[in-house]
Number of protein chains: 2
Amino acid sequence: MECTSSPGGIIDVPAGSVGYLLARAGGRAIRDLNRALEPYGLRSRHYTVLSASAARGGLSQRQLGGVLGVDPSAVVALVDDLERAGLVKREADPEDRRTRLVTLTERGHTTLARARELAAETDSALLGPLSGTERATLESLLRRIAGPPG
Amino acid sequence: MECTSSPGGIIDVPAGSVGYLLARAGGRAIRDLNRALEPYGLRSRHYTVLSASAARGGLSQRQLGGVLGVDPSAVVALVDDLERAGLVKREADPEDRRTRLVTLTERGHTTLARARELAAETDSALLGPLSGTERATLESLLRRIAGPPG
DNA sequence: TATTGTTATACTCTATAACTATA
DNA sequence: TATAGTTATAGAGTATAACAATA
């Protein structure tokens, strides 16, 4: 009977453990990023929406949901938050009046830049125990298994 | 403007992306395992409780929470479910009448064995794109960053 | 008829505080 | 007083169905 309080590491990992380790590390990554973004009134989901909108320049909400693997109804709430904070605008699509193109405001771009820094710092803290090449290896392996959204 | 429907892979990953990839892969792992366990009326959290209880043989609920990184109040609900399903028992601790030792029933052991198989299959499916050595590398890297529970 | 955005709803997960019985 | 278990509750995340406007 050793280390029952376990304050230093993972002791009992179920067989079939890689999924468990992924879920645990992923949960930690989200919690850490949420904490870092808290002063800006944002959460990690807002950051991904902001980032995807900037990268594509005027995505519809349906496209946002597809790219990020988020349900369209959830996208509505996230864009609501960002619009209320003045970080994005919903603009009319001249080609289809059903869709609303999400674009970043100037303030949205500056906030995104700051959020990127915070995300990079959070990543560095999480990956602290790993060397540079090990981090690259991990990212490469994760990209191959993370698969499509959903 | 390429692949806006993105049915084949992750296209727009925010900078500071390893955490994002971890969260995405971890979410997928949990969803897949939950789906596999559904016919048994269990979810992934039940499986970890079952597995940890078997490995240590008679853990208190407080210890379970510590080992798994789950809040004690959540442990109560999980053990309630498992006890109702006849998979675990709450036994009196002869040394401290406050604590209740969680142990597996015979049926709990057989169910755990089956759940282990399903978890291993789920892991294999998730890690399908990776070779054996790559899987080992991934697991090793994850163990170093997953850190203590919580 | 199909699709976009939207609302409403529900269930899981997580986290916190407070209560009880024991220590 | 401190701890183990428990209860209640609230928030975030996720998923589904249905509806209005538009295609």
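Worth knowing before you read on, the calculation uses all heavy atoms, side chains too, and leaves out hydrogens, waters and symmetry mates. Note that this is a predicted model, so its numbers are computed, not measured. Reminder, nothing fancy here: chain letters follow the sequence lines and each chain counts from 1.
Backbone-only contact: B:Ser60 has heavy atoms under 4.0 Å from sugar-phosphate atoms and none from a base. Among the atoms of the strands shown, base atoms are found under 4.0 Å from some heavy atom of A:Arg62.
A heavy-atom distance below 4.0 Å to DNA chain D is reached by none of the residues of residues 76-89 of chain A.
Note: CG (B:Asn34) to C1' (D:dA15) measures 13 Å, nearest angstrom. We find that CZ of A:Arg100 is positioned 14 Å from P of D:dA21, with the value rounded to whole Å. A:Glu38 places its CD atom 14 Å from the P atom of D:dG11, with the value rounded to the nearest Å. One atom, CD1 of B:Ile30, and another, C1' of C:dT14, lie 12 Å apart when rounded to the nearest Å. To the nearest angstrom, C1' of C:dT12 lies 11 Å from CZ of B:Arg45. Between A:Glu95 atom CD and D:dA23 atom P the separation is 11 Å, expressed in whole Å. Rounded to whole Å, the distance from CG on A:Leu101 to C1' on C:dT4 is 12 Å. When rounded to the nearest whole Å, the span between CD of A:Gln61 and P of C:dT7 equals 10 Å.
Taking only side-chain nitrogens and oxygens, A:Arg90 never comes nearer than 4.0 Å to OP1 or OP2 of C:dG5. Contact annotation: A:Arg43 does not reach the phosphate of D:dG11 (side-chain N/O to OP1 or OP2, under 4.0 Å). Of the side-chain N and O atoms in B:Arg28, none sit less than 4.0 angstrom from OP1 or OP2 of D:dT14.
Taking the side chain of A:Ser73 as heavy atoms from C-beta on, and the options C:dG5, D:dA17, D:dT7, the nearest nucleotide is D:dA17. Closest to the side chain of B:Asp71, out of D:dA4, C:dT16, D:dT16, is C:dT16. The side chain of B:Arg98 approaches D:dT3 more closely than any other nucleotide in the set D:dG13, D:dA23, D:dT3.
Between the B:Asp123 side chain and the A:Val18 main chain, a donor and an acceptor come within less than 3.5 Å of each other. Here the side chain of A:Arg90 pairs no donor or acceptor atom with the backbone of A:Gln61 at under 3.5 angstrom. Judged by distance alone, with hydrogens and angles left aside, the side-chain atoms of A:Arg28 form no donor-acceptor pair with the main-chain N or O of B:Ile145 at under 3.5 Å. No side-chain donor-acceptor contact under 3.5 Å links B:Asn34 to the backbone of B:Arg43.
When each of B:Pro72 and A:Arg97 is assigned the nucleotide of DNA chain D bearing its nearest heavy atom, the one mapping closer to the 5' terminus is B:Pro72.
For A:Glu134, the side chain to side chain contact (heavy atoms under 4.5 Å, CB included) test picks out A:Leu130, A:Ser131, B:Leu141, B:Arg144, with sequence neighbours left out.
Electrostatic pairing of A:Glu139 and A:Arg135 does not count as a salt bridge here, judged by no charged N lying under 4.0 Å from a carboxylate O. No salt bridge links B:Arg35 with B:Glu38; every basic N to acidic carboxylate O contact stays at or beyond 4.0 Å.
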